[in-house]
Every structure is written in structure tokens, then in C-alpha cells.
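Single-structure report; data block below.
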Number of protein chains: 2
Amino acid sequence: MPQKKPKNTKLTIEDIAKLAGVSKATVSYVLNDKPGVSEELRLKIKKIIEDCNYVPNSAARGLAGEKTHFIGLVIPDVSDMFYANIIRGVEKTSNKHNYLLNLYTTHGEEEKERRVIGLINSSMVDGLIIMAYYIKDNFVDFLKNEGIPFVFIDYPTKDEDIYTVVVDNETGAFEATEYLISLGHEKIAFLEGHEAAWDSKARFMGFLKALTANSIEFNPLLIEKGDFTREGGYKATKRLLEKREEFTAIFSSNDQMAIGAVRALKEKGLKVPEDVSIVGFDNIEASSIIDPPLTTVMQPIYEMGKKATEILLRLINGENIERKNFLLKTKLIKRSSCKSLK
Amino acid sequence: MPQKKPKNTKLTIEDIAKLAGVSKATVSYVLNDKPGVSEELRLKIKKIIEDCNYVPNSAARGLAGEKTHFIGLVIPDVSDMFYANIIRGVEKTSNKHNYLLNLYTTHGEEEKERRVIGLINSSMVDGLIIMAYYIKDNFVDFLKNEGIPFVFIDYPTKDEDIYTVVVDNETGAFEATEYLISLGHEKIAFLEGHEAAWDSKARFMGFLKALTANSIEFNPLLIEKGDFTREGGYKATKRLLEKREEFTAIFSSNDQMAIGAVRALKEKGLKVPEDVSIVGFDNIEASSIIDPPLTTVMQPIYEMGKKATEILLRLINGENIERKNFLLKTKLIKRSSCKSLK
DNA sequence: TATTTTTTCTTAACCGCTTCACTTTAATTA
DNA sequence: TAATTAAAGTGAAGCGGTTAAGAAAAAATA
């Protein structure tokens with residue numbers, strides 16, 4: 001037997017109105033907590049809604065111009081733990097506020113971008129949270145014109161006019177470096193991430209500032225280029241070792257590369273942390289599993305999703321938020337990959 | 001300056017109709033590839049739609065009864081890699097077919113279940129993919145009555161009337177056990193998962209069948225209860241060791257427990273795989289990172305999402321699918337946690 | 001008490017699309 | 001060529017809400 005066809009058992013606002021002996025409009029006002037209904041009637045209608053388990057049709061709401069109670073989340077991918085945690089933050093927060101999620105992955109493809117526009121055009125979402133690498137100015141302009149609230153995650157822009165939630169990479173790197181210094185390390189190597197990555201640059205800046213703040217001279221020979229991959233970290237570390245420039249610690253601009261670095265060191269017979277201390281960045285799951293467990297900088301990923309959602313929801317509700325740029329703090333996770341020289 | 005208010009630059013079917021000099025109805029027929037429009041006109045209208053970059057409003061479509069081109073995915077959580085991969089499978093597949101995703105997480109909460117019903121009632125989705133632990137019969141009944149197509153993932157039911165995609169846990173466990181046997185192991189311990197978990201049971205069945213198929217006697221002393229957690233695997237293994245019942249291999253019903261088991265063995269001075277071989281189940285990321293890398297059974301997680309979506313999409317398009325129950329094959333991933341006794 | 005104001009509730013238009021029933025046009029048949 | 005049938009296109013209702021404007025009832029004012 002095939003699945004049954006629509007039975008149209010669905011409750012509409014009309015039904016509720018009839019049950020309460022009032023007009024659709026009155027029910028609608030109750031539904032949206034708008035004035036113009038006596039407290040007594042309001043309560044009565046609310047009870048009926050509750051009893052019948054009635055849920056207003058979002059499509060109709062969207063059409064009629066009111067809130068759909070859906071927010072759209074645009075994200076490159078879901079299989080990456082990083083994004084998965086963002087989703088979780090967004091999802092939990094929006095759910096708490098009775099909002100549902102429209103997930104939208106771009107996989108970095110240009111084509112997908114245009115479809116996001118379709119999503120907006122579909123009056124299916126009340127607002128947008130966007131996290132993507134390929135964001136172009138004209139896309140931002142489009143959004144602005146569309147009049148739909150939106151907030152970007154991890155999109156460092158100079159545009160003072162848009163809401164963003166960004167991790168404070170620089171301070172995170174600063175603190176991690178200071179930690180190494182506090183352990184007595186002065187000859188610290190730095191593994192750069194992908195060239196184009198702004199977060200890699202921010203981390204490098206933090207690293208530099210910490211050296212300067214502690215009057216340690218910066219040694220350009222101890223910088224190696226990587227690409228954020230495990231393999232990249234491995235190769236970078238091998239090149240580093242071949243230079244025969246002395247160092248007692250490595251600050252890798254992400255965990256994947258740090259893991260690669262550990263392997264490269266082990267291969268050369270060097271022990272972590274006895275011979276070389278290592279600090280990573282990101283606190284990916286693997287960082288706690290490898291041997292030794294990696295000291296690293298945790299990004300407040302979940303909090304980013306949460307914060308972005310909170311901002312968006314306030315925006316949707318017409319609140320005015322003075323601050324547009326939110327910098328979220330990182331946290332240093334101390335494990336056993338660093339040794340004190342003192 | 002606050003974000004600009006709606007400019008209503010949005011294109012409607014009306015606009016397209018005017019541009020083409022036809023009625024809305026005609027455009028609608030073109031949009032939905034329905035007959036009643038001459039080929040010439042159809043092409044002309046399609047071109048205009050293309051040129052204008054017009055995207056029909058899903059909310060209106062949903063309301064008017066046609067497809068919304070959204071599918072709903074109901075899932076317990078997103079931060080778990082397992083679910084994240086399901087999402088990815090669903091997302092990629094639905095995207096390919098021009099469908100967008102409505103994500104819906106339940107976190108195992110009863111309350112959330114009711115809201116799923118709201119989602120359906122909102123005519124926002126054309127179909128539902130559901131993965132949840134707490135599925136109740138009345139919920140299934142509700143879905144059936146609602147007339148909306150749906151398919152369950154990993155929900156082993158006797159109900160012949162609903163579409164499901166399930167992993168063949170039993171065969172997976174069977175193959176893994178046969179692998180150990182082929183290596184010469186006969187005294188194989190089994191670490192059970194959570195009591196209530198049907199997949200744990202299926203894996204145990206597969207394990208048993210493999211023993212029987214190879215005329216190896218089943219030793220009840222070598223079974224230990226766990227709960228699918230790392231800690232649980234650790235404790236179970238310690239209990240196992242205390243029995244002083246000889247064994248040369250462990251088949252753990254999931255990777256987390258297997259990782260715990262490795263730790264317990266190491267603590268007792270036993271080496272993996274020299275002294276004890278271990279096979280896990282799930283192929284979580286950590287399984288490839290630990291020392292030694294774990295031989296394990298990979299679940300086709302991504303494929304489950306993909307398969308479920310393909311079925312759902314066909315259902316949405318009114319196709320009739322004879323088969324209702326889809327069993328997906330696992331794959332044995334051989335790494336270095338098993339040693340041959342021969 | 002009559003009048004004005006305020007509160008409460010209703011009527012009806014509208015959002016953008018689909019679709020049934022109908023009209024017009026073109027193609028067939030007699 | 002006239003009558004019949006099929007094809008192509010249109011008009012308008014309706015999906016389930018919101019909301020502006022108006023009507024009715026209650027409260028406040030004169």
C-alpha cells in the first residue's frame with residue numbers, strides 16, 4: 001500500500017477562530033502578541049490554541065509578510081567539525097527562541113551563492129547567518145539592499161555597516177606565545193598557515209607582539225610557511241630542522257600542522273615536549289588524542305554560532321544594536337606538549 | 001545607520017507574466033513543466049525567467065499546494081560526526097536535485113517532537129528524513145496520516161509500511177569476526193554496547209553467527225557489558241582481564257569502547273596487537289589517530305543520508321518504490337590493531 | 001444624559017503562487 | 001465550408017495567514 005494521500009486534517013487559523021467564536025484577525029493578534037484584544041479573550045484563545053495543538057503555517061506567515069520563524073544559515077560545509085559546532089550553536093540558540101533552521105551549504109561554489117539569493121527571495125527566512133570564504137562585496141551589497149537582517153561569522157571586514165562575529169585570533173596567539181615565554185622559551189619557531197588566510201596572519205601578529213612585549217628578538221629564520229594541512233606542517237618542520245637554527249619550541253598556527261610537526265620531530269629522534277615544546281591552535285578533537293596531547297588555543301566555535309544567532313534574533317525583532325563587531329575570546333588549553341625550561 | 005528597510009525589489013510571477021505578455025497561469029505552467037503551453041512560448045518564457053534571474057517564492061508555492069523544494073531533516077544532534085555526515089549526505093544529494101534543507105534537531109527531547117509536527121503543518125517541506133531515537137508509534141501514525149512522504153534512517157522497524165535506510169550491522173560484525181578468525185583467533189572477547197541499543201544487539205548477533213559458521217564454541221565468560229563510551233570500554237576490559245579467562249582478540253561493538261580497551265590493556269602491560277588484537281566498529285576519526293591505528297568496521301554514513309534522500313525525492317515526485325527497507329553494507333577497514341597468529 | 005474617546009473586535013484586501021473551469025484559437029474531420 | 005475536437009491560453013478562486021481601516025461596544029468626558 002502506498003503512503004496515504006493528504007487528508008487535510010490540518011488546523012488553520014480559521015478553525016481556531018470558529019472554535020473561539022471570533023474572527024481570524026483576532027486570533028492572529030493573539031498569535032503575534034499584538035494589542036487590541038482583551039486579556040480575557042486572549043487567554044481563552046490561547047487556551048484553545050494550546051488544546052488543539054495548533055501551529056500557524058509558516059509559509060502563509062512568510063507570504064503575508066510576517067515572521068516565518070526560520071533563520072537561514074549559510075555555511076561552506078557540514079562535515080567539518082568546526083562548522084558542525086557553529087551549526088550547533090546556531091541551532092540551539094535559535095531553537096530556544098522558537099526559531100527553526102534553514103541550512104544552506106555552499107561548498108565554496110560560486111553557483112550556490114546565487115541560490116542563497118533565491119532563498120532570501122522566497123520569504124522563507126527572517127534573517128541570515130553567513131559563514132563563507134568567497135563572500136564578495138556585491139553579495140554584501142545585495143544583502144543590504146534586500147533589507148533582510150544578516151550577520152557574518154568569521155568574516156573580518158572593514159565595512160563598519162555590517163554585523164560580524166569574529167574570533168580574536170591575535171590575542172589568542174599572543175597568549176599562547178606568552179605562555180611559552182613564561183615557560184622560559186625564547187627561541188620559538190612559527191609555522192604559518194595558508195598564505196591567503198587572514199586568520200593565519202592575525203595569529204602571526206599575535207605571536208610577534210608577544211615576542212616584542214617580552215623584548216625577545218624576532219628571528220626570521222624560525223618562520224616556515226605551511227598550508228594548514230597535516231602534511232604541510234610535517235614538511236615545514238622538516239625544512240625548519242634542516243636549517244639547523246636552534247629552537248626550543250614551535251607555535252603552529254593550527255593543530256593539523258602541529259600534528260604534522262610532531263611527526264617530523266619524532267622522525268628526527270626529537271621528543272615532545274622534552275626536546276621541543278609545541279602549541280597548536282583550534283583545539284580539534286585529534287589534538288587531545290595524539291601523543292603527547294597537544295597544548296592548543298581553543299576557539300569559541302559554539303559561542304560564535306550562539307552569539308551570531310542572538311544578534312540576528314535581536315535584529316529580526318527590530319532592536320537596534322549599537323556595536324556591530326563582536327570579538328570573541330579564545331582560551332588556552334594546557335596539555336602536555338610543553339615543558340618548562342626553568 | 002541601521003540596515004535599510006525592504007525595498008521590495010523582488011520579482012514575482014506577475015512581473016514575468018507582464019514581461020512575456022501572458023497570464024500568470026501560463027508562467028506557472030512553464031515553471032512546473034506542465035503541459036498546456038506551446039513549445040515556442042515555453043522557450044520564450046524560460047528565457048525571460050533566466051534573464052531576470054527570477055526565483056519563485058517558496059512560501060507562496062508551499063501555500064498554494066505545490067512543492068516547496070525544501071526537505072526536512074530531523075536529527076538528534078549536529079555536533080556528532082556521525083550525524084554531521086548524515087547531514088552532508090542529505091544535503092549534497094538534495095542540493096543536486098535543487099532541494100534545500102530544513103534542519104531540525106531534537107536532542108532527544110520529547111517536546112521537540114511536537115514541533116516537528118509544526119514543521120510539517122507549516123507546508124514548508126515536501127518531505128521528511130527522520131533520524132531519532134525516541135520515535136514512537138503514534139508519531140509514525142501521525143506521519144502516515146499526514147500524507148507527507150518520509151523516510152527513516154537507522155530505525156529498525158517491523159512495520160512493513162514505511163521506508164527505512166538501515167546499516168547492516170549484523171553482516172558488518174560477521175565480517176569483522178570472520179577476519180579475526182581468518183587471522184587464527186578463536187578466543188575472541190566481545191564488548192557489548194548500551195543495553196537498549198538495537199545496533200549493539202545486531203553486532204552481537206553477527207559476532208555469534210561468525211563463530212558458529214566457523215564451528216568455534218561461544219564462551220559466555222568472554223562477553224562484557226559496556227555502554228558505547230570510552231570509559232565504559234575501559235572498565236569492561238578491566239573486568240574482562242580480572243576474570244583471567246584467556247583471549248587473544250577483542251571485538252568491541254564500537255570504536256570509543258575499543259579505544260578505552262586499548263588503554264586498559266596497555267595499563268596491564270599488554271601490547272596491541274602483539275598480545276591482543278582489537279577490532280572496533282564505526283570508524284570514527286580517532287580510530288585512525290590512536291596508537292595503534294584501529295582496525296574497524298566503517299558504516300556508510302554518508303551513503304545513508306544520500307540513499308534516504310534519493311528515496312524521499314522519488315517519493316515526493318510520486319514515484320512508487322516497491323522496496324521499503326534498504327540495508328546498506330559496511331566495510332572493514334584494516335589497520336594495525338590486529339595480528340595474525342599463524 | 002448626550003457626546004466623545006478609547007478599547008475591542010471584524011471585514012476585507014493582500015502576499016505570490018497553483019489550478020480548475022472556462023474561452024479562444026488552431027487543427028481535424030465530415 | 002461547416003461542424004467537431006484538440007490545443008493553448010486566461011480568469012479567478014483559494015492556500016493560511018497579516019493588517020489597514022472601519023464598526024461596535026465600553027469607558028471617559030462634558
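Chain identifiers are assigned alphabetically (A, B, ...) following the order of the sequence lines, protein sequences preceding nucleic acid strands; residue numbering begins at 1 within each chain.
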Quick check: closest heavy atoms across B:M124 and B:F70, and the distance to 0.1 Å?
O-CB, 3.2 Å
Would you kindly say whether A:N85 and B:S79 are connected by a side-chain donor-acceptor distance under 3.5 Å?
no
Looking at [X] and [Y], does any basic side-chain N land under 4.0 Å from a carboxylate oxygen?
X      : Y      : value
A:R88  : B:D80  : no
B:K144 : B:D159 : yes
B:D33  : B:K46  : yes

Mind checking A:V27 for me? I need base, sugar-phosphate or nothing, with any heavy atom below 4.0 Å counting as a touch.
nothing
Tell me the interatomic distance from [X], atom [atom1], to [N], atom [atom2], rounded to whole angstroms.
X      : N      : atom1 : atom2 : result
B:E14  : C:dT18 : CD    : C1'   : 14 Å
B:L63  : D:dG14 : CG    : C1'   : 10 Å
B:R61  : C:dT18 : CZ    : P     : 5 Å
B:D33  : C:dT19 : CG    : P     : 13 Å
A:D126 : D:dT18 : CG    : P     : 12 Å
B:I13  : D:dG14 : CD1   : C1'   : 15 Å
B:K67  : C:dT18 : NZ    : C1'   : 11 Å
B:D15  : C:dG16 : CG    : P     : 9 Å

Evaluate side chain to side chain contact (heavy atoms under 4.5 Å, CB included) for A:K67 paired with A:R61, printing each intermediate quantity in order.
CA-CA 6 Å; A:K67 308 276 174 287; A:R61 283 186 142 175; over 6 Å; no
Kindly compute the distance separating CD1 (A:I129) from OH (A:Y163), expressed to the nearest 0.5 Å.
14.0 Å
Closer than 4.0 Å, any side-chain N/O of A:Y54 to the OP1 or OP2 of D:dG16?
no
Distance check: side-chain N/O of B:T12 vs OP1/OP2 of C:dG16, anything under 4.0 Å?
no
Name of the residue among A:V78, A:D77, A:L73 meeting side chain to side chain contact (heavy atoms under 4.5 Å, CB included) with A:T105:
A:V78
Working for side chain to side chain contact (heavy atoms under 4.5 Å, CB included), residues B:K306 and B:V90:
CA-CA 5 Å; B:K306 186 178 169 195; B:V90 172; over 6 Å; no
For B:F152 and B:Y155, take the angle between the two ring planes, folded into 0 to 90°, and tell me which bin it lands in: parallel under 30, tilted 30 to 60, perpendicular over 60.
tilted
Its contact letters, B for base, S for sugar-phosphate only and - for none at protein heavy atoms under 4.0 Å, make nucleotides 19-27 of chain D read BB-------
Given side chain to side chain contact (heavy atoms under 4.5 Å, CB included), test B:L313 with B:Y99 step by step and report yes or no.
CA-CA 9 Å; B:L313 255 23; B:Y99 264 76; 4.1 Å; yes
Taking DNA chain D as the partner, which of residues 36-46 of chain B come within under 4.0 angstrom of it by heavy atom?
B:G36, B:V37, B:S38, B:L41
If the helix axis at each end comes from five base pairs, how far does the helix from C:dT1-D:dA30 to C:dA30-D:dT1 deviate from straight, to 10°?
40°
